[in-house]
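Data first, discussion second: the structure below is written as structure tokens.
Every heavy atom of this structure was used, including side-chain atoms; hydrogens, water molecules and symmetry mates were not. So you know, we letter chains A, B, ... as the sequences are listed, proteins then strands, and number each from 1. None of these values were measured; they are calculated from a predicted model.
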Amino acid sequence: MNLSEITAGLNQRQLESVTLDISHNSLILAGAGSGKTRVLTHRIAYLVTQKDIHTDAILAVTFTNKAALEMRERLGVLLRRPIQSMWVGTFHGLAHRLLRTHYDKANLSSAFQILDAQDQFRIVKRLMKENNIDEAKFPVRKIQWFINQQKDEGLRAQDIDAGYNYFIKKGIEVFSLYEAHCRANDLIDFAELLVRSYELLKNNPELLEHYQKRFKHILVDEFQDTNTVQYKWINLLFNNNNKVFCVGDDDQSIYGWRGAKIENITKLETDFSPIQTIRLEQNYRSTGNILAASNTLIANNSNRMGKSLWTSSGDGDLIDVYEARTERDEADYVVSTIQKIINDGSAANECAILYRSNAQSRVFEEVLIKYNIPYVIYGGLRFFERAEIKDALCYLRLMENSSDNVAFERVVNFPTRGIGNATIEKVREFARDNHTSLYQAAVQITPNLPTRAANALSGFTQLIEKMSDDAKHFELSEKVAYLLKESGLVNHYSNDKTDKAGSKKDNLEELIAAAKQYNHEDDSEMNEVVGFISLASLDSSGDTNAPANQNVQLMTIHSAKGLEFPYVFIGGMEEDLFPSRQSKDEPHLMDEERRLCYVGMTRAMKKLSLSYAIKRFLHGQSLYAYPSRFLDEIPSEYLNKIKQKFGATQKNYRDDDIFNQDIAPESSGQLSIGVTVKHAKFGYGSVLNFEGEGDSARIQIKFKTAGTKWLIASYANLEFV
DNA sequence: ACAATAGGGATTTTT
DNA sequence: TCCCTATTGT
């Protein structure tokens, strides 16, 4: 294969990146929409076809299954050969592969199970209860969060110094209990996959050496999202005879709150020195105005590596900024605008509505329904995270391995079969005292129980035994179909009154389809059932439903990362919502909010529209808000500020005239700079400045105690003193 | 054992 | 407001 096939269609910088000297480490700082994945895939193709690097000598890591899959597909096409054995995958997926291959050296049994966030929560909660730790003082969520945070840093309970912090002290206590529990039960949570595989390599020098020698080229996507363990993992595999090729964008780091270390990208320059760096700054996605606005916004951040996107396409439209009165008004505006776009001949799926938090989706959803525009909301529960799917998988797990305690706990009395808490507690106690599995304990204590409980419990254990015997030689999908019936799950969900649409039953059907589609070849380290169950944990998307076809797309900005849409609407551009309230006191958190805003804006190809509501109903109450500071940070030359609703929609959709009834316009005409005013909440202050007139006039006031603020005159209810 | 109700909490979530 | 959990009543 000749070079031109690999380099066709690349621009100068991309070409340089792909063909960088392979005897050096490389860092590609790739801005939004600059062709980052393209560079990474073509680089691999270049290594394989031009530099005779064997595909087995390549390790390519991404963050999402989607990205990994996409890379595999593109590579297959570029190389024109199957690549199934290649190590291309997510950090978690590859770590999992290592642990399955070398489970004995990682102090695991071959049957170890992966805990997802829900399972982990349940276990932490149970442990806290058993040890009389007050959940009111130490919320389970916070403790779980604490444990994961430590693991993301590569720390274990014994490595942490609590100092005088009582919460951390308790956190460490629960962490230790949790660690012991997981070790005893062969359980691995997401963070543990990484920590454990790191330790596996670290503690087994011959193994480490083997992989260091094998992986001559290590390629990492989205490097700004790596956390401390992931960084250490890469660093460990690196031995200076192999080379790294990292792609990332510090401006798009939005997972700091989950342990991602934006600094890792800078650390590359010292830890992997010498490293060749190339910046990809030509953007192929957005118009000039959108890019210019995004550039100016992000320039407000400190500690950037520095990068400025440009485009050869024209300025395009200005960015619309709509001031809505309420979140309903905002949704009306956004959806009516989308209606116009559709009427003008665009497809609904060219439009995306993005927001900071999921709670904002509901109003948009309501209005979209009213307009009869099809939509999909991304986020929320994924396929394999749904309760009914997890129930079914737990039966599968018990059939495969009856000593799976997590699975036992979940389905022992589901569907309900008369096994109460008291009985289960006895089973737990027996298991604890005799160091046996819950299932074994149940079998053994049954004779000693009151008849009613004994019958119920033996009903369950015999069911599991029968099911695993019957299905022993079934195909995977037959096993699933069989278990759904036999366990009573299908029956239970068929009679479920709360599930009117029958979607839970449909999901169970879908699980059979997923089992049919499962391709076992890729995971030959495991048997088929274990492989399928692991996939369910590691790739919760299920990917079976929700195609974007002809639907307006609704999602958080976080989940929009990596995507692009011709028309993008970002709602809720308000202080305390975006940027989030919880981030406003910490400069580094505020910077991450700004990056998030940058990510959102740079999703737009043709047209970007921002909006904010002056009054928003959130968490059961109405709140007044100020426009987001991010709006002020964008020069107005790129903006088209709109304060009026569309005439057409006003008639149709202002059926409930909520806007005016509880807002008393205040116009005392005595307004001038220097005047003293009184505000109900902020107290006394003096007017520094004002702008605009009528309802939308804004006044800047310096309060004696509350600081300086811009207030909307008509809502501030100011008293002139 | 389970259904009905009251109380508390509430970003973002690649795996 | 909505959702999840803990408690109460049958």
From NE2 of His619(A) across to P of dG7(B) the rounded distance in Å is 20 Å
Exercise. When we call it a touch if two heavy atoms are under 4.0 Å apart, what does Ile419(A) touch: a base, just sugar-phosphate, or nothing?
Worked result: sugar-phosphate
Checklist entry - Regarding Ser559(A) and Thr556(A), is there a side-chain donor-to-acceptor distance under 3.5 Å anywhere? => result yes
From the candidates dC2(B), dT14(B), dT13(B), the one with an atom nearest any side-chain atom of Thr64(A) is dT14(B)
Base, sugar-phosphate, or nothing for Glu593(A), non-hydrogen atoms under 4.0 angstrom? base
Between CG of Asp225(A) and P of dT14(B) the distance, given in whole Å, is 12 Å
Heavy atoms under 4.0 Å, any strand shown: does Ser559(A) hit a base, just sugar-phosphate, or nothing? sugar-phosphate
Does dA10(B) have OP1 or OP2 sitting under 4.0 Å from an N or O in the side chain of Lys142(A)? no
- Message: Below the 4.0 Å mark, does dT15(B) have OP1 or OP2 next to a side-chain nitrogen or oxygen of Thr90(A)?
- Response: no
Heavy atoms only, 4.0 Å cut-off, all strands: where does Ser580(A) land among base, sugar-phosphate and nothing? base
* To do: Tell me, with the steps shown, if Asp225(A) and Gln252(A) meet side-chain hydrogen bond (donor to acceptor under 3.5 Å, both in side chains).
  => CA-CA 9 Å; Asp225(A) 288 337; Gln252(A) 290 189 73; over 6 Å; no
Task: Test item: side-chain donor near acceptor, Asp249(A) and Gln224(A), under 3.5 Å - done: no
note: Ile254(A), atom CD1; dT11(B), atom C1'; distance rounded to Å ~ 13 Å
Taking 4.0 Å as the cut-off, does a side-chain nitrogen or oxygen of Asn358(A) come that near to OP1 or OP2 on dT12(B)? yes
Judged by whether its glycosidic angle lies within 90° of 0, dT12(B) is anti
- Have a look at Ser537(A) and say if it touches a base, only the backbone sugar-phosphate, or nothing, with a 4.0 Å heavy-atom cut-off. nothing
Result for 5'-nearest mapping on DNA chain B, choosing between Arg356(A) and Leu538(A), is Arg356(A)
With the side chain defined as heavy atoms from C-beta on, Trp145(A) is closest, among dA10(B), dT15(B), dT13(B), to dT13(B)
Query raised in the report: With a 4.0 Å cut-off, would you call Asp119(A) and Lys390(A) a salt bridge?
Result: yes
**Study point:** Is_stacked (Phe617(A), dT1(C)) at 5.5 Å, 30 deg
**Key:** no
**Item:** Phe630(A) ring center near Phe578(A) ring center (under 6.0 Å)
**Value:** yes
Using only heavy-atom distances, determine whether the side chains of Glu574(A) and Ser628(A) contain a donor-acceptor pair under 3.5 Å.
no
**Asked** Can you find a donor-acceptor N/O pair under 3.5 angstrom joining the side chain of Arg382(A) to the base of dT14(B)?
**Response** no
**Report entry** Side-chain N or O of Asn413(A) closer than 4.0 Å to phosphate OP1/OP2 of dC2(B)
**Finding:** yes
key: Side-chain N or O of Asn65(A) closer than 4.0 Å to phosphate OP1/OP2 of dT14(B)   = no
Looking for any heavy atom pair under 4.0 Å, which part of the strands does Arg362(A) touch: base, sugar-phosphate only, or nothing? sugar-phosphate
- Taking only N and O in the side chain of Thr556(A), is any of them less than 4.0 Å away from OP1 or OP2 of dT13(B)? yes
